Amino acid sequence: MMNKIILKEKLDLELSLFSGQAFRWKKKLNWYYGFIDNKFLKLRIKNNCLEYVCSDDWVAQDKVYDYFGLGIKYNEIFENFDDELSTVAYKKLQGMRVLNQDPWECLISFIISAWSNVPKISNTIHLLCQKLGYKYILDDMVGYSFPSPIQITGLTESEMKSFGMGYRGQYVLKTSKIIEENKILLSDFYNEDYFDSLKFLLTFPGVGDKVANCVLIYSLKKYNAFPVDLWVERLLVEDYGLNKKMSLINKRKWGQNYFGKYSGIIQHYLFHYKRKYNH
DNA sequence: GGTGGACCTGGCTA
DNA sequence: CTAGCCAGGTCCA
């Protein structure tokens, strides 16, 4: 059954799903296949509507709406912020939304992402899901749900290695154990502020300032989170005149201070713009 | 508190 | 085809 959401905000699925914030979406014949609220579905844009079809389980409209953060008015954010490069990036990448992904999947995905590259990250996550996830079928596409913490704790080191996790395998295992043993619900951090959430995320092995800020901006709605990766660092030095030697944390703080309340959303535009157009 | 190396591994490019 | 470089960083000394 087809579901429709009328769009008031601009939404570009290609840019939103393939700008390096999510790693598991697949495109086929104008449909984008993936998981929202842990259920397999497909999406497309048609006549200013976001259309989606679920596989087995129903996905509520507000979950899809929320996944793309459609309640946030990007026009206001960028119009109220007078900065040349941000404006250029915004115009060039209109419709790119910062996603609100599942925090657990996001945490593990970004631990895996450290010092790696997107094709490899996607492949590793895919192998993990294929091994443990629940299998869904929609049309001729197969999807595997993201495994729970307790499922991951059951894996052996050699299995982790076979997914291509490298040294990150230990981090993923340990983090899963901590979450499982302490019955931690990452969704509780929707109600905590940025600083407390950051402090807590940093206690997990394999989670440093960059990964923590990714989890905060791409899943926990902390819109002032500001991940400083290689690209953003280059951008801050080359385009905003920061001293190369400034520490990563101070670069992050500078970004949050300069770009303001929605610095994380602006960051994502600048990040993708820099990577795509301005090597 | 801040700094410099080491680090699994596969994709990518010469 | 193969070598060598590089990648959405983190940890530890």
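Keep in mind that the numbers below use all heavy atoms, side chains included, and drop hydrogens, waters and symmetry copies. Everything quoted here is computed from the prediction, not taken from an experiment.
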Looking at A:Tyr136, is A:Lys39 sitting on its ring face, NZ or CZ under 6.0 Å from the six-membered ring centre and within 45 degrees of the normal? no

Take a 6.0 Å sphere around CG of A:Asp82 and say whether it holds more than 12 heavy atoms from other residues, nucleotides or ligands. no

Which class fits the ring pair A:Tyr33 and A:Phe40: parallel under 30°, tilted 30 to 60°, perpendicular over 60°? tilted

Take atom CG of A:Asp209 and atom P of B:dG2, then tell me their distance rounded to the nearest Å. 12 Å

Separation of atom CG in A:Asn213 from atom C1' in C:dG8, rounded to whole Å: 12 Å

Between A:Phe271 and C:dG8, do the rings stack, that is, sit under 5.5 Å apart with planes less than 30° off each other? yes

Looking at the base of C:dG9, is there any donor atom on it, or on the side chain of A:Tyr167, that sits under 3.5 Å from an acceptor on the other one? yes

Judged by modelled atom types alone, do A:Tyr194 and A:Asn213 share a side-chain donor-acceptor pair under 3.5 Å? yes

By the 4.0 Å heavy-atom rule, please label A:Ser19 as base, sugar-phosphate, or nothing. base

Distance flag, aromatic centroids of A:Phe259 and A:Tyr223, threshold under 6.0 Å: no

Distance check needed: C:dG8 P versus A:Tyr269 OH, whole Å only. 21 Å

Rounded to whole angstroms, how far apart are CG on A:Leu202 and P on C:dT10? 9 Å

Ranking A:Lys120 and A:Tyr171 by the position along DNA chain C of their nearest nucleotide, the one closer to 5' is A:Lys120

Check whether A:Arg44 reaches the backbone of A:Leu13 with its side chain - one donor and one acceptor, N or O, closer than 3.5 Å. no

Using the P atoms only, state how far B:dT13 lies from C:dG8, rounded to an integer number of Å. 12 Å

Under 4.0 Å, heavy atom to any atom of DNA chain C: which of residues 240-258 of chain A qualify? none

Of A:Pro119 and A:Ala114, the one whose nearest nucleotide on DNA chain B sits closer to the 5' end is A:Ala114

Mind checking whether A:Phe78 and A:Tyr269 have ring centres under 6.0 Å apart? yes

Whole-Å distance separating the CD1 atom of A:Ile121 from the C1' atom of C:dA7: 8 Å

Listed nucleotide nearest any side-chain atom of A:Val211, set C:dA7, C:dT10, C:dG8: C:dT10

Reckon A:Gly208 touches a base, only the sugar-phosphate, or nothing at all at heavy-atom distances under 4.0 Å? sugar-phosphate

Can you tell me, in whole Å, how much space there is between the P of B:dA6 and that of C:dC5? 14 Å

Using atom CG of A:Asn123 as one end and atom P of C:dG8 as the other, report the distance to the nearest whole Å. 15 Å

If we count only N and O atoms by modelled type, under 3.5 Å, do the side chains of A:Tyr32 and A:Glu14 hold a donor and an acceptor together? yes

Ignoring hydrogens and geometry beyond distance, is the side chain of A:Gln267 in donor-acceptor contact with the base of C:dG8 at under 3.5 Å? yes

Euclidean distance for P, C:dA13 against B:dC8 (whole angstrom): 14 Å

Among residues 218-230 of chain A, which residues get a heavy atom nearer than 4.0 Å to DNA chain C? A:Tyr218, A:Asp229, A:Leu230

Would you please classify the geometry between the A:Trp58 ring and the A:Tyr52 ring as parallel, tilted or perpendicular, with 30° and 60° separating the classes? tilted

Please confirm whether A:Lys92 makes a cation-pi placement over A:Tyr277, using NZ or CZ under 6.0 Å from the six-membered ring centre and within 45° of the ring normal. yes

Just to be sure I understand: a Watson-Crick pair is purine N1 to pyrimidine N3 plus N6-O4 or O6-N4, both under 3.5 Å. Using that and G-U wobbles, which stems of three or more pairs involve DNA chain B? B:3-7 with C:9-13, B:9-14 with C:2-7

Among A:Tyr218, A:Trp231, A:Phe226, A:Tyr273, exactly one meets ring pair (Phe, Tyr, Trp, His ring centres under 6.0 Å) together with A:His268. Which residue is that? A:Tyr218

Parallel, tilted or perpendicular for A:Trp104 and A:Phe146, by the 30°/60° rule? perpendicular

